[in-house]
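Worksheet: the structure to be examined is printed underneath.
Residues: numbered from 1 along the sequence shown.
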Amino acid sequence: MPDNLIEELKPLLRINPTPGGEPFWCIGQGGLDALAARRDYGLKDAMLECLGAGIWPERFRANAGSLSTEDQARLLTSRVCVIGCGGLGGVVIVELARMGIGGLTVCDADVFDESNMNRQFLCRPERIGQPKSQAALDEALSLNPVMDARAHQEWADQTNLPGILAGADLAMDCLDNMSGRYDLEQACALAGIPYIHGALAGWEGFVMTVRPGDPGIRGLYGPIPAEKSHAAEVRVGTPTPTPPMVSTLQVNEAMKLLLGRPGLQRGQMLHIDLSEPSIEMLTLA
């Protein structure tokens, strides 16, 4: 079948040379559209058929070498749930879409205001007053039109998280309040899925992978969530460079989980300090 597909599509393919390695075939948007029309199915199915034959969709070609076509197909059939679409979540959502995640669920009840402009990459002047979840949905689909994307314009809590997380392979904690984070941890444990915790204040940030049964954020912050008014970022702010650094580390961990690669283990946490700058691995007792 792979050889037959390559022969069938050869006029629509181009060979991509690789210095010191094997060249590989790529197919652009026009070729994918043509294949989808021939097969009478969707664009995602066309991508998956090509990846199964070792043909890279051009939009994901730069992933080749770091990922295999099997890896890319696995991402296209994975669903990630992002809770919070602000400073952390906005970058996470954009990076997941560009990496080729096939299913995305986003949740945030908030709307953009002018104070978000310094750090929330989805916030633009024309979006002031608009729901963050809808902006996230629009941005994700503009970058990755084959994505099955869903938006929840509501605050995530114990009552609605089971439904929001339904079908997700993992969740991304991009919240800015501890009570919501604790609810998410409990919901992920009940759903039997891992989540990636991200937090920041000032020039510092933390990333931790939490699997069901791990001590999680209760082992890090204590059994009772602190009030948002007591959070460190209230005192030291959230300058522009810190959220995208933390978000990128979160997405990196998500890729490892989805692709079955070694990532942060139980009790391990990445700590970044951009004022130094430094990045270090901490292990919780």
Side chain [X], main chain [Y], donor-acceptor under 3.5 Å:
{"X": "S247", "Y": "V91", "value": "no"}
{"X": "N116", "Y": "D113", "value": "yes"}
{"X": "D71", "Y": "S68", "value": "yes"}
{"X": "R74", "Y": "L258", "value": "yes"}
{"X": "R59", "Y": "Q29", "value": "no"}
{"X": "T242", "Y": "G202", "value": "yes"}
{"X": "R261", "Y": "M255", "value": "no"}
{"X": "N118", "Y": "T238", "value": "yes"}
{"X": "Q72", "Y": "M99", "value": "yes"}
{"X": "E185", "Y": "I217", "value": "yes"}

Do [X] and [Y] get their side chains close enough for a donor-acceptor pair, meaning under 3.5 Å?
{"X": "R150", "Y": "T105", "result": "no"}
{"X": "N63", "Y": "S66", "result": "no"}
{"X": "E8", "Y": "N4", "result": "no"}
{"X": "R98", "Y": "N144", "result": "no"}
{"X": "K132", "Y": "Q153", "result": "no"}

Assess the residue pair K44 and E49 against the criterion (salt bridge (charged side-chain N to carboxylate O under 4.0 Å, His left out)); give the C-alpha distance rounded to whole Å, side-chain angles, the decisive distance to 0.1 Å, and a yes or no.
CA-CA 9 Å; K44 182 188 287 189; E49 184 176 356; over 6 Å; no
Is there side-chain contact between [X] and [Y], with at least one heavy-atom pair below 4.5 Å?
{"X": "F24", "Y": "T18", "value": "yes"}
{"X": "I279", "Y": "H271", "value": "no"}
{"X": "V82", "Y": "D108", "value": "no"}
{"X": "I272", "Y": "P277", "value": "no"}

Rounded to the nearest 0.5 angstrom, the CD1-CD1 distance for I93 and I101 is 12.5 Å
Atom OG1 of T209 and atom CD1 of I196: how far apart are they, to the nearest 0.5 Å?
3.5 Å
